[in-house]
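As structure tokens, the structure follows; a few thoughts come after it.
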2 protein chains.
Amino acid sequence: MALEHALLVALRERPAAGLDLARRFDASIGYFWTATHQQVYRVLGRMERDGWVTSRVVPQEGRPEKKEYAVTTLGETVLADWLAQPLQRDPVRSAVAVTLRGASYGDRDTVLAHVEELIADHRTRHAAYTAMAARDYPDPTALSGQALDQYLVLRGGLLMEETWIAWLTEYAAAHRPAHRTAAQEPR
Amino acid sequence: MALEHALLVALRERPAAGLDLARRFDASIGYFWTATHQQVYRVLGRMERDGWVTSRVVPQEGRPEKKEYAVTTLGETVLADWLAQPLQRDPVRSAVAVTLRGASYGDRDTVLAHVEELIADHRTRHAAYTAMAARDYPDPTALSGQALDQYLVLRGGLLMEETWIAWLTEYAAAHRPAHRTAAQEPR
DNA sequence: CCTTACATGTAATCCGTTACATGATTAG
DNA sequence: CTAATCATGTAACGGATTACATGTAAGG
């Protein structure tokens, strides 16, 4: 539903081929959207059919040629119209939360071990975002326009990672003491 | 993929009919999962066919009868197996973030107005969760087991709301000053 | 040659959303 | 008898995931 618009934003920032876009969704855009290359190719095909983007074949040195996509004026209009829509809260669908809430119906020690692993993963991601911010936006107060928006969305990624770490840590802490000291919970 | 497991957790907490579950997903479970009644009915049907749950018809006073579902021992096993799986970070797919990052390709004032509305929505939700926490868990330190898990997931909902408010506020603040002081942008 | 990385796709399947359909019961 | 609420569904469509398919080019 909105992958098309995420692609329009990405392509307006810089024209790119399908795989390039898929890689961006793995890396720099990954903190607010994920997409596989299959998905990207299919949606790009539909967008080209509808005239939102055009493609041109670009030969490369020592690599197979690629199809670089760019946004058309129609695509610009479509994006501007979409951006003018009222914002709705993003739908929540957290398998992690389901697991945490249901932990007493399974083996809690296993869940807690997995929570620790997940915390480590979020810490790693947080460190990566911090490094990106320091490298790409050393002086945030000087930013405006697109660069400011990009920085602020990266800030959102950072804040979300911090929240996940705080929440999962609180969850683990609330369960571990009772688990270490009291003999009341046999399993 | 995990709606079935969310339903298993909900039904282990308390057996219920399809509409009851859909209402719970609108209310108390809504801060970590959403589902419409159509979805719930279809998945419940499949789960009953697979023997994860059983249903019994319950007559009601002054209302049509309902089909109450409960988890079978097979369903308990399925849930326990699923809970033992390693936790993966929840996939991110935020149309809000796409909008924020792409704002310069549309009308920024409109986006900022919608951001303010969204902040208000998150504040409302945050207040509702706070009230739920005060009403249902007045003394969190006394909790353990399922009740503790439910409380901690509600805590996660609260933390997420706070993060959304902080992030959107930061976004608006970073854009508004340039907008108020400079005479370049009349409105 | 064989493997690896690059590049673009198709097909099958499953999940989710939206619109529609049906019937019971109560309140007006 | 009509409208509103409760309750359970079906059907159609589109989006997303997973597995598979094809071909180019460099490196060992």
Side-chain angles (χ1 to χ4, degrees), chain A residues 1-8 11 15-27 29-30 32-50 53-69 82 88-95 98, chain B residues 1-8 11 15-27 29-30 32-50 53-69 82 88-95 98:
Chain A
M1 186 193 63
L3 172 56
E4 319 155 21
H5 305 105
L7 288 171
L8 285 174
L11 288 175
L19 253 202
D20 298 332
L21 287 166
R23 280 200 210 95
R24 273 200 236 167
F25 278 98
D26 270 352
I29 300 183
F32 69 94
W33 203 275
T34 51
T36 61
H37 76 272
Q38 292 93 333
Q39 234 183 313
V40 169
Y41 281 122
R42 195 151 30 90
V43 173
L44 279 176
R46 190 174 60 222
M47 288 166 74
E48 186 172 26
R49 172 173 58 76
D50 295 343
V53 295
T54 47
S55 66
R56 66 189 184 96
V57 172
V58 178
Q60 296 183 107
E61 290 294 314
R63 280 193 281 183
E65 55 187 20
K66 65 178 181 181
K67 271 168 75 179
E68 192 174 85
Y69 290 86
W82 183 78
Q88 290 183 314
R89 56 169 55 234
D90 293 315
V92 189
R93 197 161 285 140
S94 170
V98 174
Chain B
M1 186 193 63
L3 171 56
E4 319 155 22
H5 305 104
L7 288 171
L8 285 174
L11 287 175
L19 253 202
D20 298 331
L21 286 166
R23 281 200 210 96
R24 273 200 236 167
F25 277 97
D26 269 351
I29 301 182
F32 69 93
W33 203 275
T34 52
T36 61
H37 76 272
Q38 293 91 333
Q39 234 183 315
V40 170
Y41 282 122
R42 194 150 33 93
V43 174
L44 278 177
R46 190 173 61 219
M47 289 166 75
E48 185 171 27
R49 172 173 59 74
D50 294 343
V53 296
T54 47
S55 65
R56 67 187 184 99
V57 172
V58 178
Q60 296 182 108
E61 289 294 313
R63 281 193 279 184
E65 54 187 23
K66 66 179 180 180
K67 271 169 75 179
E68 192 174 84
Y69 289 86
W82 182 79
Q88 290 184 314
R89 57 169 55 234
D90 293 315
V92 189
R93 198 159 287 141
S94 170
V98 174

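Chain A is the first sequence line, chain B the second, and so forth, proteins listed ahead of strands; every chain is numbered from 1.
The side chain of B:R42 contributes no N or O atom lying less than 4.0 Å from OP1 or OP2 of C:dC14. Dashed line: the shortest gap from a side-chain N or O of A:K66 to OP1 or OP2 of D:dT24 is not under 4.0 Å. For A:R93 and C:dC15, the shortest distance from a side-chain N or O to OP1 or OP2 is not below 4.0 Å. Contact check, B:Q60 against D:dC6: no side-chain N or O comes under 4.0 Å of OP1 or OP2. OP1 and OP2 of C:dA5 both lie 4.0 Å or more from every side-chain N or O belonging to A:R23.
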One pair to check against side-chain contact (heavy atoms from CB on, under 4.5 Å): A:L8 and A:M47. What are the steps and the verdict? CA-CA 9 Å; A:L8 285 174; A:M47 288 166 74; 3.5 Å; yes

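Computed from coordinates, the B:H5 NE2 to C:dC15 C1' distance equals 14 Å when rounded to whole Å. Atoms CG (B:L21) and C1' (D:dC6) sit 15 Å apart, rounded to a whole Å. Rounded to whole angstrom, the span from the CD atom of B:Q39 across to the C1' atom of D:dT8 amounts to 16 Å. Separating the CG atom of B:D50 from the P atom of C:dC14 is a distance of 12 Å, rounded to the nearest angstrom. Atom CZ in B:R24 sits about 16 Å away from atom C1' in D:dA7, given to the nearest Å. The distance between atom NE2 of B:H37 and atom C1' of C:dG16, rounded to the nearest whole Å, is 14 Å. Spacing between atom OH of A:Y41 and atom P of D:dA19 amounts to 19 Å, rounded to whole angstrom units. Whole-Å rounding puts the B:K67 NZ to C:dT22 P distance at 19 Å.
Residue order along DNA chain D, read from the 5' end via each residue's closest nucleotide, puts B:E68 first among B:E68 and A:P64. Of the two residues near DNA chain D, A:T34 and A:E65, the one whose nearest nucleotide lies more 5' is A:T34.
Residues A:F25 and A:L7 share a closest heavy-atom pair of CE1-CD2, 3.5 Å.
Counting heavy atoms from C-beta outward, A:W82 and B:V98 have side chains that approach closer than 4.5 Å.
Distance check: A:E65 CD to A:R56 CZ gives 12.0 Å after rounding to the nearest 0.5 Å. The NZ atom of A:K67 sits 12.5 Å away from the CG atom of A:L19 when rounded to the nearest 0.5 Å.
Note on A:A35: nothing from the nucleic acid sits closer than 4.0 angstrom, heavy atoms only. Backbone-only engagement by A:Y69 is indicated by non-hydrogen atom pairs under 4.0 Å involving sugar-phosphate atoms exclusively. Residue B:Q38 is classed as a base contact, given a heavy-atom separation below 4.0 Å to a base.
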